[in-house]
Visitor: 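Below is one structure. I have some questions about it.
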2 protein chains.
Amino acid sequence: MDAQQLKILQSCPLFTDISREELYAVLNCLQARVIHVSRGQLIFQEGQQAAEIGIVLSGWVQIIREDYFGNRSIIGRAEPSQLFGEAFACAGTEMLVGVIAATDGEIMLADCRKVLTLCKNSCTFHNKIIFNLLQIVAQKNLLLSQKLEILSCRSTREKLMRYLLQEAKSAGNDEFCIPYDRQGLADFLGVERSALSAEISKMRSDGLIECKKNWFRLIPSSD
Amino acid sequence: MDAQQLKILQSCPLFTDISREELYAVLNCLQARVIHVSRGQLIFQEGQQAAEIGIVLSGWVQIIREDYFGNRSIIGRAEPSQLFGEAFACAGTEMLVGVIAATDGEIMLADCRKVLTLCKNSCTFHNKIIFNLLQIVAQKNLLLSQKLEILSCRSTREKLMRYLLQEAKSAGNDEFCIPYDRQGLADFLGVERSALSAEISKMRSDGLIECKKNWFRLIPSSD
DNA sequence: GCTTTTTTGTTGGATTTCCAACATACATTT
DNA sequence: AAATGTATGTTGGAAATCCAACAAAAAAGC
């Protein structure tokens, strides 16, 4: 475990509020192990019982899925300091996705039961890890719910409006900047870029919004 | 705490694998309290810091949300033995939804920090509760991901196919029954019922599927 | 059996979205 | 400033979806 790896681990959300000294202790306690993977190597196989949580230390991994007919598709990625497999490990179900190394790299693996079962010395930091893990999964849950709310809208205008309302709410302000360019926003909303641009123009001329690049302002309806 | 309420609690996923005797102890340990609510009463307010988890003991509650302009919409419900508010409580964020009593009823409220912080006597069942909670949130996570995968498809055919592939996979078989009628399936996929029916007919004549009512069979493509 | 109700399939026109192509605006480089 | 590249806006026809209305089939009630 070199200094670089330790730094990555410290920025992993699983270890938030864990000091460097505690980190050493907790890693020992979790019996976490570091493996070297080479490009293309399967780390978790779809269908296997999920028992381990992975943390990317270097390189990056792809989350992949195969449908009934064997067609593979990439559904996500994880970069250094990011977790993967935690939802399956915590849910106690079999993996519905596979994880494959996209580059050579190093991965830390920790048995989820070890994480969840308190060690004899009932260390306070072990407790903190469980807390962090729950928080991570719950936060992801909220993100997924928000996105679901958007994608369940039928029209482009509704989707965009729903998204903008979410942003306005979290900004606590009717004007705000969004973290996407047009193409990125279109991808996020699940619509065509050109259709999105056209809809933005319409909504602008309908007096619903003002916007300039990634800056938006919602205009309260006058009823 | 009467016998009926106890029975409801025992079927709550939060208390899976907790015996009746342990349940008494753990409720005391969590300092859970039962409140009576009347129809229309606000239980959790949108915007407030989430600290408590709710369990419906009798009656039922609605999960509601208000957009930036104050329009209310119902986005979910919870019935006896079901949890609510757990994602926000665990994520440690403010409530992005409100919860309101749809009928008179009884609600159990438990401070989430109490749930997550082990009591002095470090009871084994308390540990079990944390484990259950994590499992519940993680499982919900997987469900949301699956639904997101479907809704992110652009066409009706893709959505249906993705859904059927999921069902085939979880059934481990190319034939299976789905738990929806046509209207229900259309709602789930986020499309029109008539468009769905038409698409099913097309896919049938294209030789992709066989189906009769809620029974489906996937036909492997012959390439 | 028959009638009634519910569910599912079909159809055609209005609407929306997709798609490709091009125009314009903006930023960067030379 | 000119040239290049990228992001965004606009447009028109093709394709898909929505929507309402109706037809057919299945289920439920009498």
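By convention in this document, chain letters (A, B, ...) are assigned in the order of the sequence lines, proteins followed by strands, and residues within each chain are numbered from 1. Only a predicted model underlies this, so the values are computations on that prediction, with no experimental measurement involved.
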Visitor: Nearest-Å distance, CG (A:D181) to P (D:dA7)?
Guide: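 Whole-Å distance recorded here is 6 Å.
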Visitor: From the set C:dT10, D:dT10, C:dC18, return the single nucleotide nearest to any side-chain atom of A:S197.
Guide: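 Selected nucleotide (nearest to the side chain): D:dT10.
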Visitor: Could you check which of D:dG9, C:dT8, C:dC18 has an atom nearest any side-chain atom of A:R182?
Guide: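 Comparing D:dG9, C:dT8, C:dC18 against the side chain of A:R182, the answer is D:dG9.
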Visitor: Would you please test A:V37 and A:D104 for side chain to side chain contact (heavy atoms under 4.5 Å, CB included) and show each step?
Guide: CA-CA 6 Å; A:V37 294; A:D104 293 2; over 6 Å; no
Visitor: Let's see if you can work this out: which of C:dC19, D:dC19, C:dT17 has an atom nearest to the side-chain heavy atoms of B:S194?
Guide: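 The listed nucleotide nearest to B:S194's side chain is D:dC19.
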Visitor: Give the nucleotide from the list C:dC18, C:dA21, C:dT10 with an atom nearest to the side chain of A:A195.
Guide: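 So the side chain of A:A195 is nearest to C:dC18.
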Visitor: Nearest whole angstrom, please: distance from the P of C:dG9 to the CE of B:M203.
Guide: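 Distance, rounded to whole Å: 13 Å.
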Visitor: Calculate the interatomic distance between B:Q183 atom CD and C:dG9 atom C1'; express it in whole Å.
Guide: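 Answer to the nearest Å: 14 Å.
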Visitor: Can you work out whether A:K213 or A:K202 has the more 5'-proximal nearest nucleotide on DNA chain C?
Guide: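 Going by which nucleotide is closer to the 5' end, it is A:K202.
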Visitor: Would you indicate what A:S201 reaches in the nucleic acid, counting non-hydrogen atoms under 4.0 angstrom: base, sugar-phosphate, or nothing?
Guide: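 Sugar-phosphate, no base atom in range.
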Visitor: With a 4.5 Å heavy-atom cut-off, do A:E52 and A:R33 have their side chains touching?
Guide: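 Sidechains of A:R33 and A:E52: in contact.
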Visitor: Looking at the side chain of A:T156, which of C:dT17, D:dT10, C:dG9 is the nearest nucleotide?
Guide: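 Side chain of A:T156 sits closest to C:dT17.
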Visitor: Give me the ring orientation class for B:F216 and B:F176: parallel if the planes are under 30° apart, tilted from 30 to 60°, perpendicular past 60°.
Guide: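 Correct class here is parallel.
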Visitor: Counting only side-chain N and O atoms of B:R157, is one of them less than 4.0 Å from OP1 or OP2 of D:dA16?
Guide: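 False: B:R157 side-chain N/O out of range (4.0 Å or more) of D:dA16 OP1/OP2.
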Visitor: Between B:L189 (CG) and D:dT17 (C1'), how many Å, whole number?
Guide: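 Between C1' of D:dT17 and CG of B:L189: 14 Å.
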Visitor: Which whole-number value in Å describes the distance from B:K212 NZ to C:dG9 P?
Guide: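 Going from NZ in B:K212 over to P in C:dG9 covers 12 Å.
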Visitor: Answer with yes or no whether B:R204 presents, from its side chain, a donor or acceptor under 3.5 Å of a partner atom in the base of C:dG9.
Guide: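 Per atom types, no contact qualifies.
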Visitor: Identify, between A:R193 and A:R154, the residue whose nearest nucleotide on DNA chain C lies closer to the 5' end.
Guide: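 Its nearest nucleotide being more 5', the pick is A:R154.
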Visitor: Is any side-chain N of the basic residue among B:K159 and B:E149 closer than 4.0 Å to the acidic one's carboxylate O?
Guide: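 No, this pair does not count.
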Visitor: Using only atom types and a distance under 3.5 Å, with no angle test, would you say the side chain of B:D2 pairs donor to acceptor with the backbone of B:Q4?
Guide: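 Present.
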Visitor: Please give, in whole Å, the distance from D:dC18 P to B:D187 CG?
Guide: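 Checked: the CG to P distance equals 12 Å.
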Visitor: In this structure, how many angstroms lie between the P atom of D:dT8 and the CH2 atom of A:W215, rounded?
Guide: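 Interatomic distance, CH2 of A:W215 to P of D:dT8: 16 Å.
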Visitor: Round to a whole Å and report the spacing from CG of B:L196 to C1' of C:dT7.
Guide: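 Going from CG in B:L196 over to C1' in C:dT7 covers 13 Å.
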